[in-house]
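Each chain gets a letter, A, B and so on, in the order the sequences are listed, and its residues count up from 1. These numbers were taken from a predicted model, which means no experiment stands behind them.
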Amino acid sequence: MLKIEGLNVYSDNKKILENINLEFEYGKLYLIFGPNGSGKTTLAKAILNDESLKKEGKIFLDNVDITNERTENIAKYTYYSFQDPVEIENIRTRTLLMYILDNFDEKKILSLGKDLGLPEDFLDRGVNYNLSGGEKKRFSLLLSILLNRKVIILDEIDSGVDIEFLNKLKYYLYQFKKENKIVILISHNFKFVKELDIDKVIVLIDGKVKYVGDKNILNKIEEYGFKVF
Amino acid sequence: MDSKFFKDLFKKYYEKIFDNYKIIEKEFNINKNQYIEINLDKNIYYNVFNIDNSEVKIRINNNDTSMIYNEFNIIGKVKINILINNSGNLRIYNLYKVNSNSSSDSIEKIYNKNNVVLISKIFIDKNSENSEGKLSQYLFEENGISILLPILDIENNKSKGFHGSKILKLTEKEENYLRYLSLNKEEIKNILMREFNFI
């Protein structure tokens with residue numbers, strides 16, 4: 001279980017998140033929902049102890065305190081897909097994958113890349129380099145599959161992509177659940193998330209958790225906006 | 001340019017220390033693919049490479065305060081790949097002279113852990129027609145200071161010269177992205193080194 005207790009998060013001395021208490025169980029899909037600037041991405045980055053953030057409170061994974069663990073160590077069991085994946089021209093994707101995967105199976109990677117709609121030569125390009133916005137999201141999904149982490153946090157992976165990719169994403173979200181992972185999706189896409197078998201919706205507004213419960217809340221938010229809180 | 005002229009030229013700009021150095025001159029006539037390793041010490045090196053339709057790989061290792069001049073006389077289609085592995089103070093001057101109807105494709109890889117000044121010039125004189133000189137430089141630096149000065153001196157209108165440089169370095173944002181993929185500083189450095197060797 002991933003457990004967050006009394007978490008306050010500051011960025012540049014500004015309080016972004018206040019008194020966050022949440023629990024995430026294995027084999028469940030969570031949706032973090034909220035208006036722009038409500039602290040959704042900050043929450044994800046706080047879980048991975050991003051060094052730009054100052055924190056108070058505790059974060060536990062399987063009862064182990066990971067609050068102050070280094071990002072690269074937390075990333076050994078947690079995958080976070082960036083909203084805007086960074087382009088790295090100087091490192092080829094092939095080399096990156098050889099370092100971060102336990103088993104670099106080129107045939108399998110190429111076949112998965114093809115299935116997800118990545119360009120044929122993506123392994124020989126720089127990481128995310130010269131990929132379109134949609135292709136970067138495809139590469140993020142590829143990483144989430146290959147890395148096989150027990151916690152997966154996907155930050156707006158469903159924005160700026162076509163319906164074909166959304167169907168694939170939907171499939172893999174179920175797969176991750178089946179594989180007993182903790183899956184956390186940050187999204188703004190009503191149409192897409194309403195189709196998903198979400199176990200819990202967490203609504204964040206102005207850095208505070210306003211709701212934790214079933215997905216019926218999405219209909220209300222769609223109708224009345226975030227003023228329902 | 002002869003070795004005396006080269007020494008005098010560099011003396012103007014660099015340390016007095018070179019006054020006491022010996023000049024070691026060598027000439028290489030190359031007409032098949034070849035690998036040459038040059039280990040520098042406290043001397044001034046003056047090398048002339050006459051290369052005819054071949055590929056040459058040169059590795060220059062330096063731990064001292066050294067100076068080296070390499071003149072490449074290029075005939076036909078030539079490829080030159082130079083790896084400079086420096087952990088001392090190195091002054092290096094490469095002159096690529098491309099003759100008529102010839103082409104040179106030169107790669108200079110610099111792995112620098114201290115101080116290096118590299119001046120590289122592609123020279124095509126006014127009588128050398130239909131020639132092409134290309135120079136690509138790649139720098140990988142570990143706590144070093146590097147000054148790279150590429151020069152294209154193309155006197156003939158029917159000939160061409162190209163130059164490109166690249167520093168293998170990551171921005172903070174790029175490093176942070178890699179940390180989110182479980183890589184620590186040492187691993188990131190190893191990856192960059194691997195990419196440098198791949199070029």
Side-chain angles (χ1 to χ4, degrees), chain A residues 41 44-53 69-102 104 123-129 131 136 139-140 142-144 146-155, chain B residues 81-86 105-113 116 118 134-146 148 150 162-199:
Chain A
T41 296
K45 290 190 171 182
I47 292 170
L48 278 113
N49 194 23
D50 190 291
E51 63 182 20
S52 68
L53 303 170
E69 189 60 82
R70 294 184 70 84
T71 303
E72 57 265 36
N73 293 337
I74 300 173
K76 288 190 192 331
Y77 37 79
T78 305
Y79 172 67
Y80 169 71
S81 82
F82 280 70
Q83 231 180 91
D84 297 306
V86 179
E87 292 194 17
I88 307 178
E89 186 190 359
N90 285 330
I91 296 178
R92 286 165 303 142
T93 306
R94 175 189 302 280
T95 313
L96 174 73
L97 295 181
M98 284 165 93
Y99 270 81
I100 62 174
L101 297 180
D102 294 332
F104 179 84
L123 280 182
D124 295 311
R125 292 191 191 192
V127 177
N128 288 313
Y129 189 66
L131 295 184
K136 286 177 189 164
F139 182 61
S140 294
L142 178 97
L143 285 175
S144 69
L146 294 173
L147 283 167
N148 194 26
R149 304 295 194 233
K150 52 184 174 181
V151 181
I152 297 177
I153 307 172
L154 303 170
D155 195 349
Chain B
N81 199 324
I82 304 176
L83 171 65
I84 300 160
N85 183 9
N86 178 55
D105 186 354
S106 309
I107 295 176
E108 295 175 345
K109 296 204 297 183
I110 305 106
Y111 175 42
N112 182 32
K113 289 199 271 190
V116 68
L118 169 64
K134 188 179 161 198
L135 172 64
S136 310
Q137 294 174 316
Y138 299 90
L139 173 68
F140 183 63
E141 214 173 45
E142 267 185 79
N143 306 316
I145 297 171
S146 312
L148 271 57
F162 306 90
H163 165 258
S165 294
K166 197 169 168 182
I167 300 174
L168 271 88
K169 203 177 170 184
L170 296 180
T171 63
E172 242 176 70
K173 211 173 155 189
E174 290 169 330
E175 275 195 26
N176 194 44
Y177 178 80
L178 295 173
R179 291 181 64 208
Y180 272 81
L181 292 173
S182 76
L183 296 168
N184 63 33
K185 262 197 173 337
E186 195 56 30
E187 288 166 325
I188 293 169
K189 196 181 99 186
N190 290 341
I191 291 180
L192 273 177
M193 181 64 97
R194 192 190 172 100
E195 293 305 80
F196 180 73
N197 290 330
F198 174 77
I199 297 162

Exercise for review: Any chance you could lay out the side chain to side chain contact (heavy atoms under 4.5 Å, CB included) test for A:Leu96 and B:Leu183, step after step, and finish with the verdict?
Suggested key: CA-CA 10 Å; A:Leu96 174 73; B:Leu183 296 168; 3.7 Å; yes
(Q) Just verifying a value: how many Å separate A:Leu97 CG and B:Leu181 CG, rounded to the nearest 0.5 Å? (A)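 Nearest 0.5 Å value for the CG-CG distance: 9.0 Å.
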| Hey, is CD on B:Glu142 packed in by over 12 heavy atoms from elsewhere, all under 6.0 Å? |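 Above 12, so yes.
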Note to self: Under a plain distance cut-off of 3.5 Å, with no hydrogens placed, do B:Asn190 and A:Tyr99 share a side-chain donor-acceptor pair?
What the structure shows: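 The criterion, which ignores hydrogens and geometry beyond distance, is not satisfied for B:Asn190 and A:Tyr99.
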Check: What orientation do B:Tyr180 and A:Tyr80 show, parallel under 30°, tilted 30 to 60°, or perpendicular over 60°?
Finding: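 It falls in the tilted class, 30° to 60°.
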| Test log, rule side chain to side chain contact (heavy atoms under 4.5 Å, CB included), inputs B:Thr171 and A:Val86 | CA-CA 10 Å; B:Thr171 63; A:Val86 179; 5.6 Å; no
If you count every heavy atom of other residues, nucleotides or ligands that lies below 6.0 Å from A:Leu101 atom CG, does the total exceed 12?
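Enclosed.
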*CD-CD distance between B:Glu172 and A:Glu51, expressed to the nearest 0.5 angstrom*: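 Nearest 0.5 Å value for the CD-CD distance: 7.5 Å.
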*Heavy-atom distance under 4.5 Å to chain A: side chain of B:Ile167, backbone, both or neither?*
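Just its backbone gets close to chain A.
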Considering residues, nucleotides and ligands other than B:Lys109, do more than 12 of their heavy atoms fall under 6.0 Å from its NZ?
->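 Atom NZ in B:Lys109 is crowded, with more than 12 foreign heavy atoms closer than 6.0 Å.
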Can you see which heavy atom on B:Glu195 is nearest to which on A:Asn90, and at what distance?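 Smallest interatomic distance, heavy atoms only, reads CG-O, 3.4 Å.
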Using a 4.5 angstrom heavy-atom cutoff, name the option from A:Asp50, A:Asn128, A:Thr78 with the most pairs to chain B.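 The answer is A:Asp50.
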Can you list the steps and then say if B:Lys166 with A:Glu89 is a side chain to side chain contact (heavy atoms under 4.5 Å, CB included)?
-> CA-CA 11 Å; B:Lys166 197 169 168 182; A:Glu89 186 190 359; 3.8 Å; yes
| OG1 of A:Thr95 to CZ of B:Arg194: how many Å apart, nearest 0.5 Å? |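 Taking OG1 in A:Thr95 and CZ in B:Arg194, the distance rounds to 6.0 Å.
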So, for B:Ser182 and A:Lys76, which heavy atoms are closest and what is the spacing to 0.1 Å?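 Shortest heavy-atom separation between B:Ser182 and A:Lys76 comes out as O-NZ, 3.5 Å.
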Item to complete: Give, for atom CG of B:Leu170 and atom CD1 of A:Ile91, the distance between the pair rounded to the nearest 0.5 Å.
Response: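 CD1 of A:Ile91 is found 4.5 Å from CG of B:Leu170.
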Fill in: Interface residue of largest heavy-atom contact number with chain B, from A:Leu147, A:Leu48, A:Leu143, under 4.5 Å
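Among A:Leu147, A:Leu48, A:Leu143, the one with the most close pairs to chain B is A:Leu48.
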Please classify the contact of B:Lys169 with chain A as side chain, backbone, both or neither, using a heavy-atom distance under 4.5 Å.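 Backbone only.
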Quiz item: Do A:Val127 and B:Leu178 have side-chain heavy atoms sitting under 4.5 Å apart?
Solution: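 The answer is no; the side chains never approach within 4.5 Å.
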